Amino acid sequence: MSATLLSGKDASAAVLQSLESDIASLDPKLVVVQVGEDPASSSYIKQKFKSCQSVGMRSEHKHMPATTTLDELMHEIVALNADPDVSGFIVQLPLPAHLEKHVPDIIKSIEPRKDVDGFGAYNLGKMFLNKDFEDLPPATPSGIILLLDHYNIDVAGKHVVVVGRSNIVGKPVSMMLLNRSATVTICHSKTKDLGTITRQADILIAAVGRPKMITADMVKDGVVVIDVGMNRTDDGLCGDVDFDAVAEKASAITPVPGGVGPMTVASLIRNCVRAAQRQE
Ligand code: GUN
């Protein structure tokens, strides 16, 4: 393999180190609300707390039972919105089935200044203006931008193909790339002849949640590949990209795990520091 490995471990360590002095002076606090026992969520949350601890940031786990009602969850959110000691908080997704249909209302109820996931309409809307208004961008898109920056990969004028149109990754990362003068194509489940489009990509971002769906015949030589997928399969964790085959053609590629995942955590912590700065 000749491709450069885009290590989220290295890049996130650099991002976290750059936050240490602000964390020491502002003493921000992150709260993660978890409802139920989704094993993937528990593992992500563990990573978040580990990183908080590594940079000396206060964090708290509000772990509520799977039977929590919408009223009880909303009550907790209202309390966190009002608590001056809490700089930012997130409600870990997915939620148990009975709450899942209420996710838009739940996100809407989070005070925008504390919305460190950047999932609410206020923070998402600001991103549409330009780069200077990306105050609390969603953590995964922001992590992807920080990773590209860390490896000096300039996106201006490049054709970036984003596969996936979720509100958490595909849509916001497309906007952040546009803010940095990339030419962006967004593909999704209804896109016709996906390979014809992905083969045009200078930079390919895969965020669909389907194991190894991006195969070597779908990319051109020299492509930069960012794999957002975190799929649990019988063979273990794997991304949306067929790593071994695609790495033979790519100039740079993220591993899974150890690529985008640690960048998401670093960006969440960065957002929490920013939230604390803006609340000063
Ligand atoms: N579930 C998977 N990723 C995320 C994330 O970035 N934030 C929240 N709240 N839930 C998630």
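Both counts, for ligands and for their atoms, begin at 1 and track the order of listing. In this text, all values refer to a predicted model and were calculated from it rather than measured experimentally. Index from 1, following the sequence.
Separating the CD atom in Gln200 from the OG1 atom in Thr183 is a distance of 11.5 Å, to the nearest 0.5 Å. Once rounded to the nearest 0.5 Å, the distance linking OG1 of Thr185 with CD1 of Ile205 reads 11.5 Å.
Not counting sequence neighbours, His98 has no partner by the ring-ring contact (aromatic ring centres under 6.0 Å, His included) test.
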Enumerate, one pair per line, all nitrogen or oxygen atoms of ligand 1 lying under 3.5 Å from a protein nitrogen or oxygen, stating the separation to 0.1 Å; write 'none' if no such pair exists.
from: ligand 1; atom 1: 1 (N); to: Gln92; atom 2: NE2; distance (Å): 3.3
from: ligand 1; atom 1: 1 (N); to: Leu93; atom 2: O; distance (Å): 2.8
from: ligand 1; atom 1: 7 (N); to: Asp117; atom 2: OD1; distance (Å): 3.0
from: ligand 1; atom 1: 7 (N); to: Asp117; atom 2: OD2; distance (Å): 3.3
from: ligand 1; atom 1: 9 (N); to: Val91; atom 2: O; distance (Å): 2.9
from: ligand 1; atom 1: 9 (N); to: Asp117; atom 2: OD2; distance (Å): 2.6
from: ligand 1; atom 1: 10 (N); to: Leu93; atom 2: N; distance (Å): 3.0

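Between Arg58 and Asp85 there is a salt bridge, since a side-chain N of the basic residue sits under 4.0 Å from a carboxylate O of the acidic one.
The only member of Asp83, Asp117, Ile110, Leu30 that meets side chain to side chain contact (heavy atoms under 4.5 Å, CB included) when paired with Phe89 is Ile110.
A heavy-atom distance below 4.5 Å is not found between the side chains of Lys249 and Val223.
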